[in-house]
Amino acid sequence: MKNIVLFGPPGAGKGTQSALLVDEFALVHLSTGDIFRRNIREATELGRWAKSFMDQGQLVPDDVTIAMLKDEWTKHPDAAGFIFDGFPRTSAQAAALDEILADAGTGVTAMIGLEVDDEELVTRLLARGATSGRADDANEDVIRQRLAVYTRETAPVQSYYEAQGKYRGLNGVGSIESITDELRSLIQSL
Ligand code: AMP
């Protein structure tokens, strides 16, 4: 079973690359951001509540995010593996993911980090905001807030996997196709 954490700041290309690779490797794509946005579209109680954090560029609290991820994860008992996109984003989430996977007799295979500098990320996110309809991409202050939250709360998760020898960094700047090719080779080698 391949359980890949696709890591990197907002705008690094995690969603784009996951969508391009999941079918090829028969993996299930679990994006907590997508699940929150689906709840917002469907106007669920969870969606209304999560939106207040998302619109301000803050993380949705761990307990709810972890419970939601676990719930989605259990919907795919026959999966050959997963690409986790946008999760874990805190040390508590990383520990929870280890526990969820260990209980099922498996574990994280690798964390692959897409590395992109902040100014490139701001440019990409503003461009995405012009067409995506995402409130959190439309405003530069919110984008910078998300990057600050990433540096403070999410970047340390990299060390968590480095300590286990599971982190692989990849340059996330270049054509989408060239980055997909690099990711493909890396995933094949795992
Ligand atoms: P994303 O689509 O991954 O950029 O996520 C959009 C927003 O959803 C984030 O800025 C957070 O507000 C929220 N979110 C997504 N994933 C998580 C997570 N693992 N933990 C907490 N909040 C999250």
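Both counts, for ligands and for their atoms, begin at 1 and track the order of listing. Just so you know, these numbers use all the heavy atoms, side chains as well, and skip hydrogens, waters and symmetry mates.
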Between Gln56 and ligand 1, which residue portion shows a heavy-atom distance shorter than 4.0 Å: side chain, backbone, both, or neither? neither
Part of Thr65 within contact of ligand 1 (heavy atoms, under 4.0 Å): side chain
Run the side chain to side chain contact (heavy atoms under 4.5 Å, CB included) test on Gln93 and Leu97 for me, step by step, so that the C-alpha distance in whole Å, both residues' side-chain angles and the decisive distance to 0.1 Å come before the verdict. CA-CA 6 Å; Gln93 292 179 17; Leu97 181 61; over 6 Å; no
Any ion pair linking Lys75 and Glu72 (charged N to carboxylate O, less than 4.0 Å)? yes
Does any N or O of ligand 1 fall below 3.5 Å from an N or O anywhere on Gly86, backbone included? yes
With atoms numbered from 1 as shown, which atoms in ligand 1 lie under 4.0 angstrom from a non-hydrogen atom of Arg134? 1 (P), 2 (O), 4 (O), 6 (C)
Crowded around Gln188 CD? As in, over 12 foreign heavy atoms under 6.0 Å? yes
min-distance protein heavy atom vs atom 3 (O) of ligand 1 -> Arg89 NH1, 3.0 Å
Proximal atoms of ligand 1 relative to Gly33 (non-hydrogen, under 4.0 Å): 2 (O), 5 (O), 15 (C), 16 (N)
When you measure from the side chain of Lys14 to the backbone of Gly113, do you find a donor-acceptor pair of N or O atoms at a distance under 3.5 Å? no
Less than 3.5 Å between some nitrogen or oxygen of Gln58 and one of ligand 1, yes or no? yes
How close does the nearest protein non-hydrogen atom get to atom 23 (C) of ligand 1, and which residue and atom is it? Phe36 CE1, 3.7 Å
Enumerate the atoms of ligand 1 whose separation from the nearest heavy atom of Thr32 is less than 4.0 angstrom. 15 (C), 16 (N), 17 (C), 18 (C), 19 (N)
What residue and heavy atom of the protein are closest to atom 13 (C) of ligand 1, and at what distance? Met54 CG, 3.8 Å
Going by heavy-atom distance to atom 2 (O) of ligand 1, choose the closest among Lys14, Arg37, Arg146, Lys51. Arg37
Aromatic plane relationship, Phe82 with His76 - under 30° parallel, 30 to 60° tilted, over 60° perpendicular: perpendicular
Electrostatic pair Arg144-Asp141, nearest N-O below 4.0 angstrom: no
Say whether, by atom type as modelled, one donor and one acceptor occur between the side chain of Thr32 and the main chain of Gly86 under 3.5 angstrom. yes
Could you tell me whether a side-chain N or O of Thr106 sits under 3.5 Å from a main-chain N or O of Leu101, the two making a donor and an acceptor? no
Give the C-alpha distance, both sets of side-chain angles, the deciding distance and a yes or no for salt bridge (Lys or Arg N to Asp or Glu O under 4.0 Å) between Arg184 and Asp181. CA-CA 5 Å; Arg184 181 181 295 113; Asp181 287 345; 2.8 Å; yes
Tell me the protein heavy atom at minimum distance from atom 20 (N) of ligand 1, and give that distance in Å. Gln93 NE2, 2.9 Å
Decide whether an N or O pair under 3.5 Å exists between Val60 and ligand 1. yes
